[in-house]
Amino acid sequence: MTTSSHRRALLARLACTALGGAALLPAFHSTAQAQDFPPRKPVTLVVGFAPGGAADAAARLIAKKLSENIGQPVIVDNKAGAGGNIAHQYVAGQRTDGTVLLFGSVGPLTIAPHLMKLSYDPFKDLAPVSGGVYFPNVLVVHKGLGVHNLQEFVALAKRKSIDFASTGAGSASHLAGELFNQRAGVNMVHVPYKGGAPALQDLLGERIASYFAAPPTAMPHVEAGTLIPLATTSLKRPAYLPNIPTMAESGYPGFEALNWYAFVAPGKTPTPILDGWNREIVKVLNDPGVSEALTKHGLTPQPTTRAEFAAFMRKEYDQWGAIARARKLTAE
C-alpha cells in the first residue's frame with residue numbers, strides 16, 4: 001500500500017471513530033442530564049390542597065428555603081380535589097428528571113387505597129423521598145354538648161348517638177374518629193365535609209357534635225371559650241398544646257392518629273436524584289429558622305432517610321388498612 005493509501009485508510013478509521021463517538025455522545029449526555037442534581041431548571045412542588053391550609057403553609061415555607069439552597073425556583077402548584085388524590089395521580093404520571101415533587105399526605109398515600117379504587121399505586125407509582133411535617137388532631141366539642149372531658153364524652157356516646165365531623169372520607173380526621181370508635185367501644189356517626197372550614201362552622205353552630213380538628217384551626221376557638229378540647233391524637237402532648245391530655249393518657253394506651261405530609265416523587269425517578277432531594281429536604285427541615293416557622297403553625301418537622309420514610313408509610317398503610325377492614329369502611 002502506498003503512503004497516500006495509508007494516509008487515506010488512517011483518515012477513514014479516524015472518521016469512523018469520530019462518528020461512532022459522536023453517535024454515542026447524545027445517549028451519554030442524556031443519561032448524565034437525567035441524573036443531574038440539583039436540576040438545571042425550575043422545580044414544581046405539587047400540593048393536593050387549596051392555598052391557606054396547613055399543607056400549603058408548610059410547602060411554601062419549605063419551598064422558599066429549598067429554592068435559596070439549590071439556586072433554582074421551587075414553585076408551589078396547588079392541585080386541590082378528591083382529598084388530595086388528584087394531585088397524587090397527577091404526579092405519578094409526571095417526568096422523572098427531578099423537577100416535579102409532591103408534598104404527599106397520609107390520606108392518599110395510606111388510607112384511600114383501602115377505601116376506593118385508585119388509578120395509581122402509592123408504593124409503585126410514587127417514590128419516597130423524606131418525611132415532611134406532622135401534627136395531631138384535637139378532639140373538640142361544642143359547649144352545648146355538656147361534656148368537659150373525654151370520659152364524659154365516651155359515657156354520653158354510649159348512651160346516645162353522637163356524630164363527628166371530618167375533612168372528608170378517607171382523611172386523617174375520618175380515620176382518627178374510626179380508630180376512636182374501635183378503641184372506646186362506641187359508634188359515632190361520621191359526617192364528612194369538603195374541608196376544615198365548613199366542618200368547623202357547623203361545629204360552632206352546634207349542627208355537629210364533635211370534630212377531630214387540626215390544632216391551628218381549632219385552638220383560636222378553644223382559647224375564646226367557644227369550643228371544648230377533650231384530647232389530642234398524638235402519643236405525647238405537643239409543646240404548643242401543653243394543657244390538653246392525649247388519648248393515650250386518657251385511658252387508651254398507644255392511641256396515635258397523626259396528620260402528616262411528606263415528600264415523594266414520580267415512581268421511576270433515578271435513585272441519585274431521589275438521594276439528592278433527600279439531602280436537600282433534610283437540610284431545610286433541620287434549618288432552625290424553618291423549624292421555628294413550622295412550629296408556629298403547629299407543625300413538627302419530620303426529616304427522615306428515604307428508607308425510614310418508606311417504612312413509616314408502610315406502617316401507616318397497614319394500621320389504617322386494619323381499621324378500614326374492622327370498621328367495614330368505604331368512601332361515602
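All values derive from a computational prediction rather than experimental measurement.
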Would you compute the distance between atom [atom1] of [X] and atom [atom2] of [Y] and round it to the nearest 0.5 angstrom?
| X | Y | atom1 | atom2 | value |
| --- | --- | --- | --- | --- |
| Lys143 | Ile228 | NZ | CD1 | 7.0 Å |
| Leu61 | Lys296 | CG | NZ | 10.5 Å |
| His221 | Leu200 | NE2 | CG | 4.5 Å |
| Thr305 | Arg279 | OG1 | CZ | 13.5 Å |
| Ser67 | Leu45 | OG | CG | 11.5 Å |
| Glu178 | Ser173 | CD | OG | 10.5 Å |

Would a single hydrophobic cluster contain both [Y] and [X], if residues Ile, Leu, Val, Met, Phe, Trp and Tyr are joined by side-chain heavy-atom contacts under 4.5 Å?
| X | Y | value |
| --- | --- | --- |
| Ile86 | Leu126 | no |
| Leu285 | Val282 | no |
| Phe123 | Ile111 | yes |

Using a 4.5 Å cut-off on heavy atoms from C-beta on, say whether the side chain of [Y] contacts that of [X].
| X | Y | result |
| --- | --- | --- |
| Asn187 | Arg327 | yes |
| Phe153 | Leu139 | yes |
| Leu179 | Tyr252 | no |
| Leu258 | Gln302 | no |
| Val106 | Tyr134 | no |
| Asn181 | Phe164 | yes |
| Trp260 | Phe312 | yes |
| Val264 | Phe309 | yes |

Can you name the nearest heavy-atom pair linking [X] to [Y], along with the distance?
| X | Y | value |
| --- | --- | --- |
| Val43 | Pro39 | CG2-CG, 3.9 Å |
| His148 | Glu152 | N-OE1, 2.7 Å |
| Gly177 | Phe212 | CA-CE1, 3.5 Å |
| Gly131 | Ile281 | O-CG2, 4.4 Å |
| Ala265 | Val91 | C-CG1, 4.5 Å |
| Gln182 | Ala326 | NE2-CB, 3.5 Å |

Is there a donor-acceptor pair closer than 3.5 Å between any side-chain N or O of [X] and the backbone N or O of [Y]?
| X | Y | result |
| --- | --- | --- |
| His88 | Ser105 | yes |
| Arg183 | Pro253 | yes |
| Tyr240 | Gly298 | yes |
| Glu249 | Pro245 | no |
| Ser171 | Ser166 | no |
| Asn78 | Val47 | no |
| Asp125 | Asp121 | yes |

Residues in side chain to side chain contact (heavy atoms under 4.5 Å, CB included) contact with [X], at least two apart in sequence or another chain:
| X | answer |
| --- | --- |
| Ala209 | Leu145, Ile162, Asp163 |
| Asp287 | Lys65, Val290 |
| Asn85 | Ala82, Pro108, Ala112, Met116, Leu118, Tyr120 |
| Ala248 | Leu235, Thr246 |

**Asked** Step by step, would you call Trp277 with Ile70 a side-chain contact (heavy atoms from CB on, under 4.5 Å)?
**Response** CA-CA 10 Å; Trp277 273 124; Ile70 70 171; 3.7 Å; yes

**Message:** Test salt bridge (Lys or Arg N to Asp or Glu O under 4.0 Å) on Arg60 and Asp56; report intermediate values, then the result.
**Reply:** CA-CA 6 Å; Arg60 291 180 188 279; Asp56 180 69; 2.8 Å; yes

**Asked** Counting only heavy atoms not in Gln151, do more than 12 sit closer than 6.0 Å to its CD atom?
**Response**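 More than 12 heavy atoms, drawn from other residues, nucleotides or ligands, come within 6.0 Å of this atom.
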
**Request:** Given side-chain contact (heavy atoms from CB on, under 4.5 Å), test Thr110 with Gln319 step by step and report yes or no.
**Result:** CA-CA 9 Å; Thr110 66; Gln319 171 179 295; over 6 Å; no

**Prompt:** Partners of Arg95 by side chain to side chain donor-acceptor pair (under 3.5 Å), sequence neighbours excluded?
**Reply:**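 Thr99.
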
**Request:** Evaluate side-chain contact (heavy atoms from CB on, under 4.5 Å) for Leu156 paired with Arg159, printing each intermediate quantity in order.
**Result:** CA-CA 5 Å; Leu156 182 63; Arg159 293 197 307 270; 3.3 Å; yes

**Message:** Working note: His114 + Tyr317, criterion ring pair (Phe, Tyr, Trp, His ring centres under 6.0 Å); need CA distance, chi angles, decisive distance, verdict.
**Reply:** CA-CA 9 Å; His114 301 292; Tyr317 176 87; 4.2 Å; yes

**Request:** Quick one: list whatever passes salt bridge (Lys or Arg N to Asp or Glu O under 4.0 Å) with Lys41, sequence neighbours left out.
**Result:**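 Counting only residues at least two positions away or on another chain, Lys41 forms a salt bridge (Lys or Arg N to Asp or Glu O under 4.0 Å) with Asp97.
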
**Prompt:** After noting the C-alpha distance and the side-chain angles of Thr300 and Phe135, does the key distance pass the side-chain contact (heavy atoms from CB on, under 4.5 Å) rule?
**Reply:** CA-CA 6 Å; Thr300 302; Phe135 59 94; 5.9 Å; no

